[in-house]
K.L.:
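Submitted below is the structure of interest, expressed as structure tokens.
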There are 2 protein chains.
Amino acid sequence: MAGARSDSKLKKSEVVAGRIRDYIVNHELKPGDRLPTEGEFAKRFGVSRVAVREATTALGFLGILDAAPRRGLTVGRVSMKKLSRYLGFHFAVGNYPAEELIATRIVVETGGLAHVVERMACDPSIYQQLDAINSELRKARELNEWIKMDIRFHCSLVAASGLRGLAALNDLVQVFFRRFREDFPKALWKSGVESHQQIIDALRRGDCAKATELLTEHIGSHRARVGKPAEVESDFAE
Amino acid sequence: MAGARSDSKLKKSEVVAGRIRDYIVNHELKPGDRLPTEGEFAKRFGVSRVAVREATTALGFLGILDAAPRRGLTVGRVSMKKLSRYLGFHFAVGNYPAEELIATRIVVETGGLAHVVERMACDPSIYQQLDAINSELRKARELNEWIKMDIRFHCSLVAASGLRGLAALNDLVQVFFRRFREDFPKALWKSGVESHQQIIDALRRGDCAKATELLTEHIGSHRARVGKPAEVESDFAE
DNA sequence: AAATGGTAATTGTATTATAATTTGGTCCTG
DNA sequence: CAGGACCAAATTATAATACAATTACCATTT
């Protein structure tokens, strides 16, 4: 009942945003291409510049377009970083249950391992990079630093699969997961780093099954702590 | 070089959006909770109401909050459907390579299968639901209808894992994948439906390995068609 | 020809006004 | 006294306008 309006009656700025979207699609514009100015759109759509402005601002948030004085509007690039800045926290609010989030992490991260093994066989620098990050992690002395490096390790692990789409999804998952790292006890840091080491060593050996087992265990170790309930809708399904 | 501004100099509306986000986090607000009015925020942040309005509009696009006259601002629910309206088309513009998108789909969809088998054993209605959707798909006579039902089948398949986070990610992937369905030849519809049937039958038998193999093959069959190159950044990994 | 500075175009921000909508209360009626 | 209808106030929705800030482009000068 809450979002009933979203279909029955679109706000004007949403309509305008849709028309700008259509403009991009119909003209087959690619990132970097220029769009008409805000005033131009306002005149063309017969609305005030404020309405256009709200639409362009919102689309700017999504990374769909960029706006700069004198340059005007240009088609942008979707940036997961930009998105996660606003969406990541919301999953902390919307509360997916811990168990589901952990299981999702396992799926996404282990899903990339086979590709990692494949690429690592051709390119030894991949191992070195992961190893270097883990060394940094070992040197962490403060929680925020540790969190940052731990996230970087896991993101790099998935990125090493070469599947940028999967890496993008993983970026999101990691952000949603952040709250579980906030109270990660220092006593467990060391064993975490060792887990990482074992995982990348298994990958270098080409032992994908072992790496999968270790990573599943590693992520699953978070189950020890917490798990709030929640209610989150899924969309298309049903 | 394009998005350099995004870190060096945030627009005021982005700053305001960030502060509203922080407000929600700091007050531990949950979906449905009320926020101060736009005027209130404007006074509190020392900016004009237009700046607040741009922020709230953008956050409204993302589903992070709802705004209604007299009711004011309330914390919203993230809706993948809402997001995909604006992001889906952009991935068609931003162009992930087909191969990567296919591989990502395989990871996400097959990753949920083990959970599906588990839940299906306890709840036969899950099979019935998937079977019903596939029957609908079999009756499709028009491309748009077919696309819609095919997406619904695959989304329901992942949703059947019970992992709502994974289902949300999958919703996104399906939207990004849409462009590959646009020119799906009618001649292949029938074999697609049969693949679906074999998959859910394998799941009902508890044969997860077979289902995984079939689904991998099913999704991979898209490889026959196309594959544009692209350049898309990944974020955290570097 | 290159560098430098100015100018104009375009977005960024603020102010104000008015319309539309919805909640909540109040008043009237049975 | 209860219930419904209506009215009013609060709040968002939209618009019009003005000015500041920024920067791409051009002209001018050295």
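Chain letters run A, B, ... following the sequence lines, proteins first, then strands; residues in each count from 1.
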K.L.:
To the nearest Å, how far apart are D66(A) CG and dT23(D) C1'?
P.N.:
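Distance check: D66(A) CG to dT23(D) C1' gives 15 Å.
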K.L.:
Please report the shortest heavy-atom distance between T110(A) and V107(A), naming the atom on each side.
P.N.:
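What the structure gives for the nearest pair is OG1-O, 3.6 Å.
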K.L.:
Can you name the nearest heavy-atom pair linking A103(B) to H115(A), along with the distance?
P.N.:
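Minimum heavy-atom separation between A103(B) and H115(A): CB-CE1, 4.0 Å.
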K.L.:
Atom CG of L35(A) and atom P of dT11(C): how far apart are they, to the nearest Å?
P.N.:
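Answer to the nearest Å: 10 Å.
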K.L.:
Ring-plane angle category for H154(B) and H196(B), please: parallel below 30°, perpendicular beyond 60°, tilted otherwise.
P.N.:
perpendicular
K.L.:
Show each protein N/O and nucleotides 7-11 of chain D N/O combination with a separation under 3.5 Å, one pair to a line.
P.N.:
residue: dA10(D); atom: O4'; partner: R70(B); partner atom: NH1; Å: 2.7

K.L.:
Identify, with sequence neighbours excluded, every residue that meets ring-ring contact (aromatic ring centres under 6.0 Å, His included) alongside Y127(A).
P.N.:
none
K.L.:
Expressed in angstrom and rounded to an integer, what is the separation of R49(A) atom CZ from dC19(D) atom P?
P.N.:
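It works out to 15 Å between those atoms.
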K.L.:
Do the side-chain N and O atoms of Q174(A) and R152(A) include a donor-acceptor pair separated by under 3.5 angstrom?
P.N.:
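The answer is no; no qualifying pair exists.
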K.L.:
In whole angstrom, what separates R53(B)'s CZ from dT16(C)'s C1'?
P.N.:
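Whole-Å distance recorded here is 15 Å.
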K.L.:
From CD of E54(B) over to P of dT15(C), roughly how many Å is that when rounded to an integer?
P.N.:
14 Å
K.L.:
Rounded to the nearest Å, what distance is computed from the NZ atom of residue K12(B) to the P atom of nucleotide dA21(D)?
P.N.:
11 Å
K.L.:
Could you tell me how far apart K43(A) (NZ) and dA9(C) (P) are, to the nearest whole angstrom?
P.N.:
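It is 14 Å, rounded to the nearest whole Å.
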K.L.:
On the nucleotide dT11(C), are OP1 or OP2 found under 4.0 Å from the side-chain N or O atoms that K11(B) carries?
P.N.:
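So the side-chain polar atoms of K11(B) never come under 4.0 Å of the phosphate oxygens OP1 or OP2 of dT11(C).
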K.L.:
Under 6.0 Å between ring centres, would you say that holds for H222(B) and F180(B)?
P.N.:
no
